[in-house]
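The basis for the numbers below is simple: all heavy atoms, side chains too, and nothing from hydrogens, waters or symmetry mates.
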Amino acid sequence: KEGFVLIGAMNPPSEEGRQVTSPALRSRFRELWVEEITEPKELQAIAAFHLQRAGMNAKTRGFKTLAKDIANLHSQLFKKYSKAGFTLRDLVRLSRFIGMHAQRLGLGHAVIKGLEFVYAARLTAAQRRELREWLATQPMIAKYGTITVSPSVEQRPETLPLLVVF
């Protein structure tokens with residue numbers, strides 16, 4: 001029928017559980033590739049939406065700051081570990097994790113566990129250690145919790161940190 005338009009959307013082949021579309025099917029459609037969202041205000045709005053959707057009250061003190069901090073951290077990790085393939089979905093997962101678990105775990109613990117669950121799990125052991133060291137220096141993390149780096153073999157027992165996260 002004239003004027004009829006069919007619009008379909010699909011995840012990139014790099015996304016888990018997705019298979020490459022056959023050339024026969026692809027030839028019947030016009031493909032439009034959409035770049036990753038990197039605009040800070042858009043990322044903040046997405047983080048805020050998913051924090052709320054997961055149960056966090058938008059009127060909670062510090063809500064907007066938390067959404068902004070999550071978006072900024074995602075952007076930094078996206079750039080720092082570009083080969084890890086972090087995407088907007090990771091920001092959504094982190095926001096939902098924090099929104100669902102902040103009341104039960106406490107905000108600081110939810111932020112740190114969310115980072116571990118979403119980002120660190122996709123990195124190599126050496127990258128996870130580097131990530132822990134880098135996160136421990138970030139002012140945003142100090143607002144929400146404490147990260148101490150796992151002890152190296154060279155450290156003597158009396159210099160070991162009291163709290164080890166990840």
Side-chain angles (χ1 to χ4, degrees), residues 11-19 34-58 60 62-166:
N11 296 328
S14 60
E15 192 65 30
E16 188 176 326
R18 199 11 215 102
Q19 296 182 5
V34 179
E35 293 297 318
E36 190 71 27
I37 296 172
T38 58
E39 178 62 37
K41 288 193 185 257
E42 289 182 34
L43 293 174
Q44 183 180 346
I46 291 167
F49 173 81
H50 287 285
L51 282 168
Q52 246 183 311
R53 188 171 182 195
M56 189 171 268
N57 187 342
T60 303
F63 178 85
K64 287 184 181 181
T65 303
L66 175 62
K68 183 178 180 180
D69 288 342
I70 292 171
N72 289 338
L73 187 60
H74 170 78
S75 295
Q76 291 173 344
L77 292 173
F78 179 79
K79 291 173 190 163
K80 187 171 180 65
Y81 298 102
S82 57
K83 291 184 181 178
F86 296 134
T87 67
L88 184 60
R89 285 177 175 78
D90 297 305
L91 173 65
V92 169
R93 286 181 190 114
L94 177 62
S95 301
R96 286 184 179 174
F97 185 93
I98 293 168
M100 287 189 308
H101 299 288
Q103 189 170 10
R104 186 173 54 85
L105 297 175
L107 183 57
H109 200 71
V111 169
I112 292 168
K113 282 301 194 186
L115 289 168
E116 177 186 31
F117 177 70
V118 175
Y119 295 93
R122 296 192 28 213
L123 299 174
T124 65
Q127 288 174 322
R128 282 194 300 272
R129 178 158 180 84
E130 177 189 310
L131 175 62
R132 281 185 222 112
E133 291 170 356
W134 179 77
L135 285 172
T137 67
Q138 298 304 302
M140 176 252 172
I141 295 300
K143 280 195 269 186
Y144 301 109
T146 304
I147 291 183
T148 55
V149 180
S150 299
S152 67
V153 177
E154 304 83 40
Q155 286 181 310
R156 296 192 334 256
E158 59 267 23
T159 64
L160 297 179
L162 297 176
L163 173 65
V164 180
V165 179
F166 289 17

Gap separating the OG1 atom of T38 from the NE2 atom of H74, nearest 0.5 angstrom: 9.0 Å
All side-chain hydrogen bond (donor to acceptor under 3.5 Å, both in side chains) counterparts of T124, not counting sequence neighbours: Q127
Greater than 12 external heavy atoms within 6.0 Å of K80's NZ: yes
For H50 against S95, the heavy-atom pair lying closest together: CB-CB, 3.8 Å
Residues in ring pair (Phe, Tyr, Trp, His ring centres under 6.0 Å) contact with F49, at least two apart in sequence or another chain: none
Partner set under ring pair (Phe, Tyr, Trp, His ring centres under 6.0 Å) for H101, not counting sequence neighbours: F97
Distance (rounded to the nearest 0.5 Å) between L51 CG and M100 CE: 11.0 Å
Spacing of CD1 belonging to I98 relative to CD belonging to Q103, to within rounding of 0.5 Å: 15.0 Å
L88 side chain reached by F78 side chain, heavy atoms, under 4.5 Å: no
Distance (rounded to the nearest 0.5 Å) between Q138 CD and L131 CG: 9.5 Å
All side-chain hydrogen bond (donor to acceptor under 3.5 Å, both in side chains) counterparts of R53, not counting sequence neighbours: none
Closest heavy-atom pair and its distance - E36, T87: OE2-C, 3.2 Å
Inter-residue atom distance L135.CG - E130.CD, 0.5 Å rounding: 10.5 Å
Heavy-atom side-chain proximity of R93 to F117 below 4.5 angstrom: no
Shortest non-hydrogen contact between N57 and F63, atoms and distance: O-CD1, 3.6 Å
Shortest non-hydrogen separation from L91 to A47 and the atoms involved: CD1-CB, 4.1 Å
A121 backbone acceptor or donor facing R128 side chain under 3.5 Å: no
Minimum-distance pair of heavy atoms, taken over all atoms of L43 and S75: CD1-OG, 3.2 Å
Contacts of Y81 that satisfy ring pair (Phe, Tyr, Trp, His ring centres under 6.0 Å) - sequence neighbours left out: none
Reported CG-to-CG distance for the pair D90 and L77, which is rounded to 0.5 angstrom: 9.5 Å
Minimum heavy-atom distance F86-V118, with the two atoms named: CE2-O, 4.5 Å
Only distances under 3.5 Å count here; give the side-chain donor-acceptor pairs of residues 66-73 to other protein atoms, sequence neighbours excluded, each with its distance to 0.1 Å.
| unit_1 | atom_1 | unit_2 | atom_2 | d |
| --- | --- | --- | --- | --- |
| D69 | OD2 | K143 | NZ | 2.7 |
| D69 | OD2 | Y144 | OH | 2.7 |
| N72 | ND2 | K68 | O | 3.4 |

